[in-house]
Undergrad: 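Take this structure first; my questions come after.
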Amino acid sequence: MIDAHENAAKRGRQAYNFAYLDEQSKRMIRRCILKAMAVPGLQVPFGSREMPLAYGWGTGGIQVTASVIGPNDTLKVIDQGADDATNAVSIRRFFKRVAGIETTEKTDAATIIQTRHRVPETPLREGQVIVYQVPSPEPLRSLEPRESETRKMHAYAEYGLMSVQLYEDIARFGHIATAHSYPVMTHGRYLMSPSPIPKFDNPKIANSPAIQLYGAGREKRIYAVPPYTRVQNLDFEDHPFRVQKWRHCCSLCGASDSYLDEIVVNDSGQRMFVCSDTDYCATRRDQGHVGPEGEGRAPFGSLPNSKTE
Amino acid sequence: MAYVAVKGGEQAILNSHRLIAEDRRGDPEVPELTVSQIAEQLGLAVDRVMCEGSVYDRELAALALKQAQGDAVEAIFLLRAFRTTLPRFAVSNAIETDRMAIQRRISATFKDVPGGQVLGSTYEYTHRLLDFDLLDNADAEVTRAELAATPLDANCPRAFDSISDEGLIEAEVPAPGKASVFDLTREPLALPAGRDQRLQNLARGDEGFVVGLAYSALRGYGAAHPYVGETRVGDVAIEVVPEELGFPVSIGDITVTECQMLDLFAGSDDEPARFTRGYGLSFGKSERKAMGMAIVDRSLRSREYGEDVKYPAQDEEFVLSHTDNLEAAGFVSHLTLPHYVDFQGDLQFIRQLREEQVGSPSTKEAAE
């Protein structure tokens with residue numbers, strides 16, 4: 001019994017395979033990625049593996065990243081735009097540990113960016129891969145809970161239901177009531193969920209020079225948008241697609257073109273607005289941009305600070 | 001014959017008891033687990049048993065787990081059966097979760113909130129890699145966490161209080177004209193159920209089932225789009241007001257997990273758009289349970305908000321009748337009891353039906 005324990009302990013201390021997954025699993029995932037790239041927006045089923053973090057926390061993204069990452073890659077992980085969010089830190093640590101690769105917080109410096117809920121403000125370029133963590137890949141799920149039905153709807157490109165939903169929103173609210181996961185048509189064929197990014201980020205998906213991969217671990221689907229692919233936001237001629245706008249600029253860096261988070265500052269409910277993209281905000285401040293509350297104010301715990309690594 | 005069967009049955013039962021005792025003890029060469037070891041080192045299992053057993057007592061819950069070989073539902077059964085025998089000497093005041101010695105507090109709605117985010121002890125950011133070092137006994141010094149320089153504020157406001165002020169979140173108001181709370185442990189479920197019944201039912205409900213229902217509501221068989229307004233874990237004081245004194249007296253602290261979910265409600269003819277609430281509370285550290293409960297609670301309020309009731313998680317009768325794991329397990333396991341008589345009846349009936357439909361089975365086979 002004691003021997004068995006010692007052997008097990010020894011086994012546990014041995015190194016894991018590069019990027020955690022075994023080579024066969026990675027090969028299976030890469031094949032699915034190739035298929036997904038060949039048919040933009042198609043949800044390709046894949047044999048999702050149990051990963052050492054909970055479903056819904058980025059298992060799909062991690063498997064995709066693990067399958068495409070190489071020893072010379074530089075990885076950036078963001079969560080809600082932030083590099084310092086706990087989940088981003090945790091996933092970055094994971095890859096540092098199991099792949100020994102370089103990591104960065106700079107959008108420019110990364111070859112692979114794994115993201116939850118945001119597309120970086122800094123435009124991506126050719127050669128970069130952005131991996132989205134996707135909780136719900138099926139854009140029709142809220143309209144039809146049955147997978148057997150939604151697969152048929154995709155097969156026949158039968159997307160009238162979604163248009164009806166958007167129309168009902170307009171009839172009821174006067175505008176389309178979807179602020180994130182705003183549905184898109186990819187390459188004129190497949191209705192696709194852009195993952196729960198705010199619709200603010202949707203325009204960044206279209207015609208992007210970067211490879212965009214979407215991994216849904218729990219739902220066991222991979223899909224992709226290859227570089228320079230047409231991606232249209234569903235809308236109507238008289239109700240065109242529009243993104244969110246703020247009356248404020250970023251309190252710290254003064255940016256008026258970025259997605260802003262609302263921060264409660266004190267018990268009396270005062271707010272400030274700051275860039276959700278921490279790298280973008282820090283870079284701007286390093287360049288000398290200052291927002292209305294950019295200097296002389298002690299930053300809060302998880303707010304972006306301007307120190308460079 | 002009948003006499004022999006009864007005697008044989010008695011012997012079988014006695015032997016079965018001996019077998020359980022032997023199974024439970026396992027290899028006598030391995031030292032026996034103590035109840036305090038279970039209470040200290042299998043804390044989350046103990047918390048679940050306390051929550052669904054509806055008794056806050058770590059020692060009893062640990063004892064139940066030891067006796068049940070770690071089977072949570074069996075341990076809950078033991079604890080509930082014991083609970084039945086306890087007299088009720090008082091009803092406490094409602095606990096004040098605003099005043100809590102906080103161990104963990106997370107809000108997913110605002111990036112930074114007054115009072116701060118407190119990660120506390122959670123498996124969430126551990127990578128789920130087997131820790132083979134645990135095969136050996138850990139050194140107590142190594143496992144000690146570093147303490148913060150200053151203690152947390154004991155009066156930590158709700159993370160979303162500031163937007164509550166704008167009326168963007170529904171206000172929590174007690175149901176009108178209700179002096180006392182329904183007690184599901186003493187009265188049968190009454191439908192349609194008030195929220196007090198529902199919350200009690202869910203608090204005692206099977207964690208797996210409640211979380212499964214919550215998952216179905218999130219995944220598409222429901223209309224849930226919730227945010228964790230706040231999840232907090234910590235110790236709260238239990239106060240009772242003895243009749244002879246007339247003022248509250250603290251009788252001890254308990255650890256609870258509380259979850260407030262905010263769910264987008266797009267408004268109706270009578271009500272403006274706002275965030276509505278789902279609520280979850282569990283004994284000890286049982287975050288999965290409290291969150292599942294909060295999602296199901298909100299799903300069950302569909303009718304209240306004029307939403308279509310289409311899915312299991314929104315159907316009050318369906319949910320409330322099936323949450324209790326003792327009821328469920330008991331009814332499923334009763335199938336191992338003899339059903340000789342009813343089966344004989346059904347067998348006869350099927351024979352009769354077949355004869356009426358296709359002629360006697362034996363003649364049909366012969367014809368083929």
Side-chain angles (χ1 to χ4, degrees), chain A residues 1-2 4-6 8-13 16 20 50-54 56-57 80 82 85-87 89-91 93-94 97-98 135-136 138 140-147 150 169 172-173 177 179 218-219 261-272 274 276 299-303, chain B residues 27 29-30 106-119 122-137 153 155-166 168 215-225 264-269 273 288 310-313:
Chain A
M1 187 110 114
I2 306 275
H5 281 184
E6 274 176 5
K10 229 177 269 169
R11 234 182 12 247
R13 287 176 201 116
Y16 281 86
Y20 188 77
E50 301 280 344
M51 297 302 282
L53 87 165
W57 289 64
Q80 306 267 320
T86 37
N87 200 32
V89 171
S90 173
I91 293 172
R93 277 183 53 213
F94 174 73
R97 182 168 171 188
V98 296
S136 310
E138 179 52 73
L140 300 166
R141 181 70 78 236
S142 60
L143 306 170
E144 170 52 63
R146 284 172 211 286
E147 179 78 11
T150 55
D169 278 359
R172 194 161 164 209
F173 307 111
R218 190 178 43 82
E219 299 280 339
D261 279 338
E262 192 170 339
I263 311 269
V264 182
V265 181
N266 54 26
D267 287 355
S268 56
Q270 261 188 303
R271 319 295 165 82
M272 63 190 277
V274 296
S276 88
F300 294 85
S302 62
L303 285 190
Chain B
D27 184 351
E29 296 290 304
V30 178
I106 297 297
S107 172
T109 47
F110 286 106
K111 201 167 192 170
D112 218 326
V113 286
Q117 308 261 12
V118 181
L119 195 55
T122 171
Y123 282 100
E124 285 177 348
Y125 299 101
T126 63
H127 298 134
R128 266 58 165 226
L129 306 173
L130 280 174
D131 181 359
F132 292 92
D133 291 341
L134 290 182
L135 288 170
D136 312 319
N137 290 332
D153 190 350
N155 292 303
C156 188
R158 292 266 166 252
F160 47 83
D161 273 355
S162 51
I163 54 169
S164 305
D165 295 345
E166 291 177 52
L168 299 180
Y215 180 42
S216 76
L218 296 182
R219 237 192 117 251
Y221 291 81
H225 306 283
L264 184 66
F265 171 63
S268 64
D269 294 345
R288 197 188 299 131
K310 294 193 280 192
Y311 302 109

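First the proteins, then the strands, lettered A, B, ... as listed; each starts at 1. No hydrogens, no waters, no symmetry mates; every other heavy atom, side chains included, goes into these values.
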Undergrad: Please state whether the side chain, the backbone, both or neither of A54(A) comes within less than 4.5 Å of a heavy atom of chain B.
TA: both

Undergrad: Kindly write out the residues that satisfy salt bridge (charged side-chain N to carboxylate O under 4.0 Å, His left out) with R271(A), not counting sequence neighbours, or none if the list is empty.
TA: E262(A), E166(B)

Undergrad: Is there side-chain contact between P145(A) and Y311(B), with at least one heavy-atom pair below 4.5 Å?
TA: yes

Undergrad: What part of R97(A) is in contact with chain B, defined as an atom under 4.5 angstrom from a non-hydrogen atom: side chain, backbone, both or neither?
TA: side chain

Undergrad: Under 4.0 Å between a Lys/Arg side-chain N and an Asp/Glu carboxylate O for R128(B) and E50(A)?
TA: no

Undergrad: Out of T86(A), N87(A), L53(A), V89(A), return the one with the most heavy atom pairs under 4.5 angstrom to chain B.
TA: T86(A)

Undergrad: Please flag which part of S216(B) lies under 4.5 Å from any non-hydrogen atom of chain A: side chain, backbone, both or neither.
TA: neither

Undergrad: Are R146(A) and Y221(B) close enough that some pair of their side-chain heavy atoms sits under 4.5 Å apart?
TA: yes

Undergrad: Need one label for A266(B): side chain, backbone, both or neither, based on atoms under 4.5 Å from any heavy atom in chain A.
TA: both

Undergrad: For the interface with chain B, which of R172(A), M51(A), R93(A), Q80(A) has the highest count of heavy-atom pairs at distances below 4.5 Å?
TA: R172(A)

Undergrad: Do E138(A) and E144(A) come within less than 4.5 Å of each other through their side chains, counting heavy atoms only?
TA: no

